[in-house]
Colleague: 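Here it is, the structure, as structure tokens.
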There are 2 protein chains.
Amino acid sequence: MADDAAPTAADRTTEPALACPISPVVDIVFSRWTTPVLWTLHAHGRQRFMELQRRISRITPKVLTQRLRQLERDGLVVRTYHPEVPPRVEYEISELGRTLAPLFAHLSEWATGNLEKVDRARREYDGDPAR
Amino acid sequence: MADDAAPTAADRTTEPALACPISPVVDIVFSRWTTPVLWTLHAHGRQRFMELQRRISRITPKVLTQRLRQLERDGLVVRTYHPEVPPRVEYEISELGRTLAPLFAHLSEWATGNLEKVDRARREYDGDPAR
DNA sequence: CTGTATCCCACCGGATACTG
DNA sequence: CAGTATCCGGTGGGATACAG
């Protein structure tokens, strides 16, 4: 990413090099840790930093911050800072982010049943220890 | 990819730690380079190793092999070896892999229009150099 | 509470060369 | 042609400590 002049997310759609129109979406939505963050935000609504960290149990504050910043920059998440003592920050899915919901549902639906097939394929490929 | 001893793809669906039912799918389908490989296979049908490498222009043979092996193990791609001289190997999407097509179409559809919004969000976040 | 700042290491993937 | 074998550098992310 980030090389010469200004490769935007959109023009990568037509980039001949990859010739894969969904690569940019994958970079934005499915890079490491972004899916759990988005999903948690989608499943539990607006919530604070600590709630997110607790729910995405193995994530460190550093990484969580990085992902949240990226998602905020991409317009998928909205950050609200409340200048109180102690400070309170809330995150929520943006309107744009919400348009991903059907996609996630689709993913989730595919997982049902097909994940099992993947497991079976792996076992068979590995020499079928369970038979 | 790091699926050694116990945790299968399927049981990660119910793993409390992530509590994100689509994470396993993301690991399988959207890890690095897998999307371009699957897309190219989907777009151009059964093809040989070199064709794939040529179409996914920046991929190295080593990485291409790794991804193809992974996809074959997961049952998403079928490898056919023809014992000729010189050897000929063909790859194609499996039946299971084909069930991903609607999903990819969905992704592609989301990209249309929304990618542009992401770009705008980024420019605004970065300080809007184009205004 | 909500992050930053460092240190550090494992691993991915690029480059290159070589084999059946 | 279809890979494998090595070397190797950059980077993501874990652990830990600290700041506003």
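Chain A is the first sequence line, chain B the second, and so forth, proteins listed ahead of strands; every chain is numbered from 1.
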Colleague: How sharply is the helix from dC1(C)-dG20(D) to dG20(C)-dC1(D) bent, taking the axes over five pairs at either end and rounding to 10 degrees?
Modeller: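 The two end axes of the helix from dC1(C)-dG20(D) to dG20(C)-dC1(D) meet at 50°.
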
Colleague: If you measure from the Lys or Arg side-chain nitrogens to the Asp or Glu carboxylate oxygens, is any gap between Glu90(A) and Arg88(A) under 4.0 Å?
Modeller: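 So Glu90(A) pairs with Arg88(A) through a salt bridge.
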
Colleague: Write down the distance between CD (Gln66(B)) and P (dT6(D)), rounded to a whole number of angstrom.
Modeller: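 Rounding to the nearest Å, CD of Gln66(B) and P of dT6(D) are 15 Å apart.
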
Colleague: To the nearest 0.5 Å, tell me how far Leu71(B) CG sits from Leu38(B) CG.
Modeller: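 These two atoms lie 5.0 Å from each other.
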
Colleague: With rounding to the nearest 0.5 angstrom, report the CZ to OH distance, Arg69(B) to Tyr125(A).
Modeller: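 Arg69(B) atom CZ to Tyr125(A) atom OH measures 5.5 Å (nearest 0.5 Å).
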
Colleague: Quick check against the 3.5 Å criterion: does Ser108(B) have a side-chain atom that pairs as donor or acceptor with the backbone of Ile22(A)?
Modeller: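 Such a contact is absent between Ser108(B) side chain and Ile22(A) backbone.
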
Colleague: Return the value, rounded to whole Å, for the distance between atom CZ of Arg67(B) and atom P of dT4(D).
Modeller: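 Taking CZ of Arg67(B) and P of dT4(D), I get 13 Å after rounding.
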
Colleague: Judged by each residue's nearest nucleotide on DNA chain C, which is more toward the 5′ side, Thr60(B) or Pro86(A)?
Modeller: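 Its nearest nucleotide lies further toward 5', so the answer is Pro86(A).
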
Colleague: Between Ile28(B) and Arg122(A), is there a side-chain heavy-atom distance shorter than 4.5 Å?
Modeller: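 Arg122(A) vs Ile28(B): side chains touch.
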
Colleague: Please report the distance, rounded to the nearest Å, between CG in Asp27(A) and C1' in dG12(D).
Modeller: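 Answer to the nearest Å: 15 Å.
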
Colleague: Scan nucleotides 2-5 of chain C against the protein and return all N/O pairs shorter than 3.5 Å with their distances rounded to 0.1 Å.
Modeller:
| residue | atom | partner | partner atom | Å |
| --- | --- | --- | --- | --- |
| dT2(C) | OP1 | Arg48(A) | NE | 3.0 |
| dT2(C) | OP1 | Arg48(A) | NH2 | 3.3 |
| dT2(C) | OP2 | Met50(A) | N | 3.0 |
| dG3(C) | OP1 | Arg69(A) | NH2 | 3.3 |
| dG3(C) | OP1 | Arg79(A) | NH1 | 2.3 |
| dG3(C) | OP2 | Tyr91(A) | OH | 2.6 |
| dT4(C) | OP1 | Arg69(A) | NH2 | 3.3 |

Colleague: Can you label the angle between the Phe30(A) ring and the Phe30(B) ring as parallel, tilted or perpendicular, going by 30° and 60°?
Modeller: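 Parallel.
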
Colleague: Do Arg55(A) and His44(A) touch side chain to side chain, with heavy atoms closer than 4.5 Å?
Modeller: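 Contact flag for Arg55(A)/His44(A) side chains = yes.
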
Colleague: Could Arg48(A) and Glu84(A) be called an ion pair, given the rule that one side-chain N must be under 4.0 Å from one carboxylate O?
Modeller: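 Salt bridge between Arg48(A) and Glu84(A), a charged N being under 4.0 Å from a carboxylate O: no.
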
Colleague: Within this structure, what is the CD1-to-C1' distance between Ile59(A) and dG13(D), rounded to whole angstrom?
Modeller: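 It works out to 10 Å between those atoms.
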
Colleague: From Ile93(A) CD1 over to Leu100(A) CG, what is the distance, rounded to the nearest 0.5 angstrom?
Modeller: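 Those atoms lie 8.0 Å apart.
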
Colleague: Leu64(A) CG to dG13(D) P: how many Å, rounded?
Modeller: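 It works out to 12 Å between those atoms.
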
Colleague: Between Arg58(B) and dG14(C), is there a side-chain N or O to OP1/OP2 distance below 4.0 Å?
Modeller: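 For dG14(C), OP1/OP2 do not have a side-chain N/O of Arg58(B) under 4.0 Å.
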
Colleague: From CD1 of Ile56(B) over to P of dA2(D), roughly how many Å is that when rounded to an integer?
Modeller: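 Between P of dA2(D) and CD1 of Ile56(B): 14 Å.
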
